[in-house]
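Protein chains get the first letters and strands the later ones, always in sequence-line order, with residue 1 at the start of each.
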Number of protein chains: 2
Amino acid sequence: MDVARTRLSLVIPEELARLLQEEIISGRLAPTTRLTEEEVAQTYGVSRSPVREALRLLERDGLVLKAPRRGIWVAPMTLKDFDEVYACRIPLEALAAAEAAAATDVALKDELPAILAAMRAAHGDGDVQRFFDADVRGSTVIYRLCGNITLRRLLAGLEKQALRYRYFIYARAPGAVRLSVEGTATIYAAILAGDAPRAKAETEALIGAIWRDIRPAMAAEIPAE
Amino acid sequence: MDVARTRLSLVIPEELARLLQEEIISGRLAPTTRLTEEEVAQTYGVSRSPVREALRLLERDGLVLKAPRRGIWVAPMTLKDFDEVYACRIPLEALAAAEAAAATDVALKDELPAILAAMRAAHGDGDVQRFFDADVRGSTVIYRLCGNITLRRLLAGLEKQALRYRYFIYARAPGAVRLSVEGTATIYAAILAGDAPRAKAETEALIGAIWRDIRPAMAAEIPAE
DNA sequence: CTACTCCATACTGTATACAATGTTCAGCGT
DNA sequence: ACGCTGAACATTGTATACAGTATGGAGTAG
C-alpha cells in the first residue's frame, strides 16, 4: 500500500510500532487479539523483517505479549495490570517532575502553559483525542526537561500502557478528564516555579488520585486478571 | 561454531543477548566498542537475523546504543548515566522490596537465607563473580516475590545497567562489597518478617548508601558524560 | 459418544540474498 | 597544504526462501 509506505518511509519498524501502538491504545485493536506477522506485513505493505522488529518494540513497551513459537497477542487489559502500572507510575513520574522543576531550560518550560491551554480547550470541547495528544505532548516536555535519559526510557515503556487505560476510561467517563486537567495545572505551576519537592508531591498526589478515581469504573469493565 | 550453537539451542536471540550482556557487564566488551552484526553472527555461528533481535534486546536494557543506518555501540559508562541509574533504582527497588515483604510465597522467601550465605561466602573468598551471581539470584527472587510483572519488566532493564557499574567498582575495590552484603541482610530480614515499610526504607537507604559510597571512585575512573 | 493419535496446516524462527545508505579515502582543484 | 568531490567499500535495512514446531481437526479405537 503506497500510503502506508510513504508514512513508513523513515524508519519502518519505529513507524510501524507507532501506528500499531495507536491502534492498541485507542482500542481499535482489542485486547487479546492475535497478531500474525504475515497479516501485519500485508496490511502495511512491508515484509516480515521490519514487522518482527516493530513487534519487539511493542513487547518492550508492554503493549503485546509474545510466547516463543506460539505467537503474539495484544496484551490483555486487566485490573491487576492497571494497578501495577499506576503503582510504578507514582514514583517514576514524581521523579521526572522533580527533575523537570530543577531544570533550567526556560524555552522548554515556556511550552507548558500552551499545552495546558490545549488540554483545557479539548476538555471543554469534549474531544478526548485532542486531550490525549496534548497530554502526551506535556509528558514529552517534562521528560525532555528532566534530562534523565534512563528515566525517560523507563517512562516511555510505562506511559503507553498507562495511556491505554486512561483512554479507555476517559472515552467512557469524560468527566474524569477534569481531575487530570486541574492536577496537571498544579504540577506545571510547581515546575515553572522551580519547586522540585512540590512538583514531586503534587505528581504523586495526582496520579494517586486518578488511580483511586477511575479504579472502580475500571473494575466494572475489565477482568481482574 | 558447534559449542556456541549448543549453548544457544533454546531461543537464540535471548541466549545471545545473555552472553553479550555478560561480556558487557564484566567489561570484556569495553564501553563504546563498535558491534557489527556480521561479526557477532560469525562469532556465535548464527545468521544476522537472531543477532539483530538480540541487539534490540540489549538496546532495550540500555547496554548498547543504536543509531539508524550507522550502527551499534556498547553504551559508554559515564558518571551521568551512573547517577541516572541509581536515581531510578531507589524508588523501583524499594517498591519491589515492599511488595516482596507483603508476599505470601513462603517457599520462595525461604531461598533468601541461602542466597545471603552464598553472598557472604563469595565475599569472604574475594570472589567477585560468585558474589554477583548470588546477588543477581537474590534480585530475581525478590522480583518473583513481588509479583508485579510491570515492575519486574522495568527493573530488568535497570538491573543490567546497574550491575555494570557495580561490577566495575567491586572489581577494583572489593571492600565496597561488604556494604552491599550487610545491607542486603537487613533487607532480607525485613522481607522475611513481612515488614513492607521497613523493607522499603532499608532498600532506599542501602541503594542510596552504595550510591554515595562508590560515586567518588566512579568519578575518578569514568568520564562525566 | 468420548478420547486419543496422527497428519495437514499455519505460523514462527533462521538463513540468505538483495537494496540502500553512510563512511572513508584517493584524487583533484584551489 | 588544505579542502572538496566522488567513487569504492563496509554495514545496515528489507525481502524472500527455507526449516522447524505448535495447533486443530479428521479418523479411529475404546
| query | Of the nucleotides C:dT14, D:dT12, D:dT16, which has the atom closest to the A:S49 side chain? | reply | D:dT16

| note | When rounded to whole Å, the CD to P distance for the pair B:E53 and C:dT14 reads 7 Å

| field | B:E38 CD - C:dA15 P separation (whole Å) | value | 12 Å

| How close or far is atom P of D:dT16 from atom CD of A:E37, stated in whole angstroms? | 15 Å

| For D:dT14, does OP1 or OP2 lie under 4.0 Å from any side-chain N or O of A:S47? | no

| Which residue pairs pass the side-chain hydrogen bond (donor to acceptor under 3.5 Å, both in side chains) test with at least one member in residues 213-223 of chain B, sequence neighbours excluded? | B:D83-B:R215

| field | Interatomic distance, A:I12 CD1 vs D:dG13 P [rounded to whole Å] | value | 11 Å

| Summary of protein contacts for nucleotides 17-22 of chain D, nucleotide by nucleotide, where a base hit scores B, a sugar-phosphate-only hit scores S (4.0 Å, heavy atoms) | B--BSS

| request: Name the closest nucleotide to the A:P50 side chain, picking from D:dT11, D:dA15, C:dC11. | output: D:dA15

| task | Look at the side-chain N and O atoms of A:K66 and state whether any lies under 4.0 Å from the OP1 or OP2 oxygen of C:dG13. | result | yes

| request: Decide yes or no for A:L158 and B:T150: does some side-chain heavy atom of the first lie under 4.5 Å from some side-chain heavy atom of the second? | output: yes

| query | With the threshold set at 4.0 Å, does a side-chain nitrogen-carboxylate oxygen contact exist between A:E14 and A:R18? | reply | no

| request: Could you check if a side-chain atom of B:Y165 sits within less than 4.5 angstrom of a side-chain atom of B:M77, using non-hydrogen atoms only? | output: yes

| note | note: B:R52, atom CZ; C:dT16, atom P; distance rounded to Å ~ 16 Å

| In whole Å, what is the span from the CZ atom of B:R56 to the P atom of C:dG13? | 16 Å

| Do B:R144 and B:D105 meet the salt-bridge criterion of a basic N to acidic O distance under 4.0 Å? | no

| Geometric class of the B:W211/B:Y86 ring pair [parallel <30°, tilted 30-60°, perpendicular >60°] | tilted

| said: Testing the 3.5 Å rule here: is there a donor-acceptor pair between the side chains of A:R52 and B:S49? | reply: no

| field | For atom CD of B:E59 and atom P of D:dT12, their distance in whole Å | value | 13 Å

| message | Measure CG/B:L57 against P/C:dG13 and give the value in whole Å, please. | response | 12 Å

| When we call it a touch if two heavy atoms are under 4.0 Å apart, what does A:L35 touch: a base, just sugar-phosphate, or nothing? | sugar-phosphate

